[in-house]
There are 2 protein chains.
Amino acid sequence: MKKIEEGQGNNKAFTEECNVILNAVGDAMYAIGGKWKLRIIISIARGNKRFSELQRQIAGISGRVLSAELKELEANGFVLKKVAVGFPVLIEYELTPYSQTLEKVVESLVDWGKQHREKIKREFAEDK
Amino acid sequence: MKKIEEGQGNNKAFTEECNVILNAVGDAMYAIGGKWKLRIIISIARGNKRFSELQRQIAGISGRVLSAELKELEANGFVLKKVAVGFPVLIEYELTPYSQTLEKVVESLVDWGKQHREKIKREFAEDK
DNA sequence: CGGTATCCTGACCGATACTG
DNA sequence: CAGTATCGGTCAGGATACCG
């Protein structure tokens, strides 16, 4: 009676450890996955502070969605909303220090995204 | 007449460069975003090859969704489906070399996800 | 300018049952 | 075992109009 046939699929400790990894990625994607969250964070990081700047910079996002996402990001501690009294009222968004922990994630995603886009372009070119 | 008030929001070259970043992240999220794709890739990378192994390892995924995602991953060049003739027919999934390019992304996401989960837990504990 | 309100569609996805 | 078929529900997010 073999206990492990091949691969590590039925090794208990292995399965547990794999679950830790899987949960971590799940948590990460839950927090910053979705179409817009990371893009908004990046856009703020690169100097866009105003609502309209963000909407202009992030192609395709609607006001409704940007508004909702900013609220969520604020609630989750990624973004700070600053309201300066005066006339007209000046509203600026900025990142919290916690957003800086995303640096490596963003960097690797940008790198991969660039090379992936190149790959897709090459394949498309070959398809003719 | 000031040309640039403050920040870099209206600097053209800057905006362009920011768009490159934004597009890269958009492409990446389009390809490997969503609830399951990365988890499936990770799960295969860690030795799970069979359909049922994957379904067992990836908590919460239904057969229907796993099937659809595997097809998409195959079509996009991340996964290879191997069918060994015999009885019963043995079907195994494995990663293509291209999936290896995701290593850094996965690594940073796992790291961040782990610390994020810790942060959430701490905040939850404080809330009492 | 910085949003909200309303409405709506389609993508995603869970459950269940069935098949070769 | 490795899926497919069908159904139905939820929800992200798009369009548009409006508001202080």
Can you give me the bend angle of the helix from C/dC1-D/dG20 to C/dG20-D/dC1? Use the axis through the first five pairs and the one through the last five, nearest 10 degrees. 50°

How is A/Phe87 classified with respect to the nucleic acid when contacts are heavy atoms under 4.0 Å: base, sugar-phosphate, or nothing? nothing

Measure the distance from [atom1] on [X] to [atom2] on [N] and round it to the nearest whole Å.
X       : N      : atom1 : atom2 : answer
A/Met29 : C/dC13 : CE    : P     : 11 Å
A/Gln55 : C/dT4  : CD    : C1'   : 13 Å
A/Arg56 : C/dC1  : CZ    : C1'   : 11 Å

Return the set of residues passing ring pair (Phe, Tyr, Trp, His ring centres under 6.0 Å) with A/Tyr93 (not counting sequence neighbours), or none when no residue passes. none

Do B/Glu16 and B/Lys12 meet the salt-bridge criterion of a basic N to acidic O distance under 4.0 Å? no

Ion pair present between A/Lys121 and A/Glu118, side-chain N to carboxylate O less than 4.0 angstrom? yes

Where along residues 70-82 of chain B does a heavy atom fall under 4.0 Å from DNA chain D? B/Lys71, B/Lys81

All N/O donor-acceptor pairs, side-chain side in residues 33-41 of chain B, below 3.5 Å, sequence neighbours left out:
unit_1	atom_1	unit_2	atom_2	d
B/Lys37	NZ	B/Glu72	OE2	3.3
B/Arg39	NE	B/Lys35	O	3.2
B/Arg39	NH2	B/Lys35	O	3.4

Crowded around A/Tyr30 OH? As in, over 12 foreign heavy atoms under 6.0 Å? no

Pairwise distance CD1(A/Ile21) to OG(B/Ser43) - rounded to 0.5 angstrom: 11.0 Å

Can you build the contact string for nucleotides 10-20 of chain D? Use B for base contact, S for sugar-phosphate-only contact, and - for no protein heavy atom under 4.0 Å. ---BBB-----

Looking only at side-chain atoms of B/Arg50, point me to the closest of D/dA2, C/dG2, D/dT4. D/dA2

Using the salt bridge (charged side-chain N to carboxylate O under 4.0 Å, His left out) rule, collect all pairs that involve residues 93-113 of chain B, keeping only residues at least two apart or in two chains. B/Lys82-B/Glu94

